[in-house]
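Here is the structure we will look at, set down as structure tokens.
Below, all heavy atoms of this structure are taken into account, side chains as well, without hydrogens, waters or symmetry copies. Since this is a predicted model, take the numbers as computed values, not measurements.
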Amino acid sequence: MSRARKIKSEPTTVSKERIFEVIRHPVVTEKSTLGSEHNQVTFVVPLDASKPEIKAAVEELFKVKVKAVNTLRQKGKVKRFRGQLGKRSDTKKAFVTLDEGHSIDVTTGV
């Protein structure tokens, strides 16, 4: 008998204030625009944001149906500025896949 048990997932509710904190801004790059051909939108999110939280925030904010959320943590680079060492901040990106028939236009404001 397997020890793994199915965990019943309850719909995640996110407060109005947290919705605007979770979705910081869309990523508009060559790679992210290629993702739009596959119904994907890329957002920068806080490091502590979870996938269910991101899904709930996108569905509430843009009134669309989300199929999947993939996240990526990007470590900040160490850079030099006038001989001084500095470090860029760590970032987290969320690749949100939308259901068929749904779309988000990232070029316009919310």
Side-chain angles (χ1 to χ4, degrees):
M1 183 171 174
S2 173
R3 290 180 180 233
R5 294 179 178 88
K6 285 191 174 182
I7 299 172
K8 293 181 181 178
S9 62
E10 298 176 6
T12 306
T13 56
V14 183
S15 68
K16 285 283 187 189
E17 294 84 19
R18 182 66 178 162
I19 288 174
F20 291 105
E21 290 175 12
V22 169
I23 306 299
R24 295 221 169 126
H25 59 85
V27 177
V28 182
T29 60
E30 196 171 339
K31 186 174 182 179
S32 67
T33 53
L34 288 175
S36 65
E37 295 174 2
H38 303 288
N39 242 7
Q40 283 187 338
V41 185
T42 308
F43 295 103
V44 173
V45 296
L47 293 174
D48 64 342
S50 64
K51 287 182 182 185
E53 194 174 38
I54 295 167
K55 179 179 179 179
V58 170
E59 286 181 345
E60 179 71 25
L61 193 60
F62 296 103
K63 307 293 188 238
V64 294
K65 182 75 175 130
V66 174
K67 186 188 236 181
V69 176
N70 295 331
T71 57
L72 169 126
R73 286 183 68 125
Q74 190 172 19
K75 297 290 183 181
K77 290 182 173 183
V78 176
K79 304 291 270 183
R80 287 185 181 274
F81 181 70
R82 294 186 182 173
Q84 297 291 325
L85 274 178
K87 184 179 178 289
R88 288 185 186 168
S89 300
D90 297 345
T91 58
K92 186 173 188 177
K93 295 179 190 175
F95 300 93
V96 179
T97 305
L98 305 174
D99 272 344
E100 293 297 321
H102 294 275
S103 65
I104 296 174
D105 186 15
V106 295
T107 57
T108 61
V110 175

S103 and V64: which non-hydrogen atoms are nearest, and at how many Å? O-CG1, 3.8 Å
Linking I/L/V/M/F/W/Y whenever any side-chain heavy atoms sit under 4.5 Å apart, do [X] and [Y] land together?
X	Y	result
F43	F20	yes
V14	L61	yes
V106	V44	no
I19	F62	yes

Less than 3.5 Å apart, which donor and acceptor atoms pair up between the side chains of residues 30-39 and the rest of the protein, not counting sequence neighbours?
unit_1, atom_1, unit_2, atom_2, d
S32, OG, V27, O, 2.9
S32, OG, T29, N, 2.8
S32, OG, T29, O, 3.0
S32, OG, T29, OG1, 3.3
T33, OG1, T29, O, 3.1
T33, OG1, E30, O, 2.8
S36, OG, T33, O, 2.4
N39, ND2, L98, O, 3.3
N39, ND2, D99, O, 3.0

Out of curiosity, K55 NZ to K65 NZ, how far, rounded to the nearest 0.5 Å? 5.0 Å
Hits for side chain to side chain donor-acceptor pair (under 3.5 Å) against E59, two or more places apart or cross-chain, chain-then-number order -> none
Non-neighbouring partners of K87 that pass side chain to side chain donor-acceptor pair (under 3.5 Å), sequence neighbours left out: D90
Residue K63 excluded, over 12 heavy atoms near NZ under 6.0 Å: yes
Set of residues satisfying side-chain contact (heavy atoms from CB on, under 4.5 Å) with respect to S15, sequence neighbours excluded: E17, R18
Looking at K93, K92, K51, which hits side-chain contact (heavy atoms from CB on, under 4.5 Å) with V45? K92
With a 3.5 Å cut-off and sequence neighbours excluded, list the donor-acceptor pairs that the side chains of residues 66-78 form with protein atoms.
unit_1, atom_1, unit_2, atom_2, d
Q74, OE1, T91, OG1, 3.4

When you compare the side chain of V96 with that of I104, does any pair of heavy atoms fall below 4.5 Å? no
Residues forming a salt bridge (charged side-chain N to carboxylate O under 4.0 Å, His left out) with R24, sequence neighbours excluded: none
Would you mind listing every ring-ring contact (aromatic ring centres under 6.0 Å, His included) that reaches into residues 63-98, with sequence neighbours excluded? none
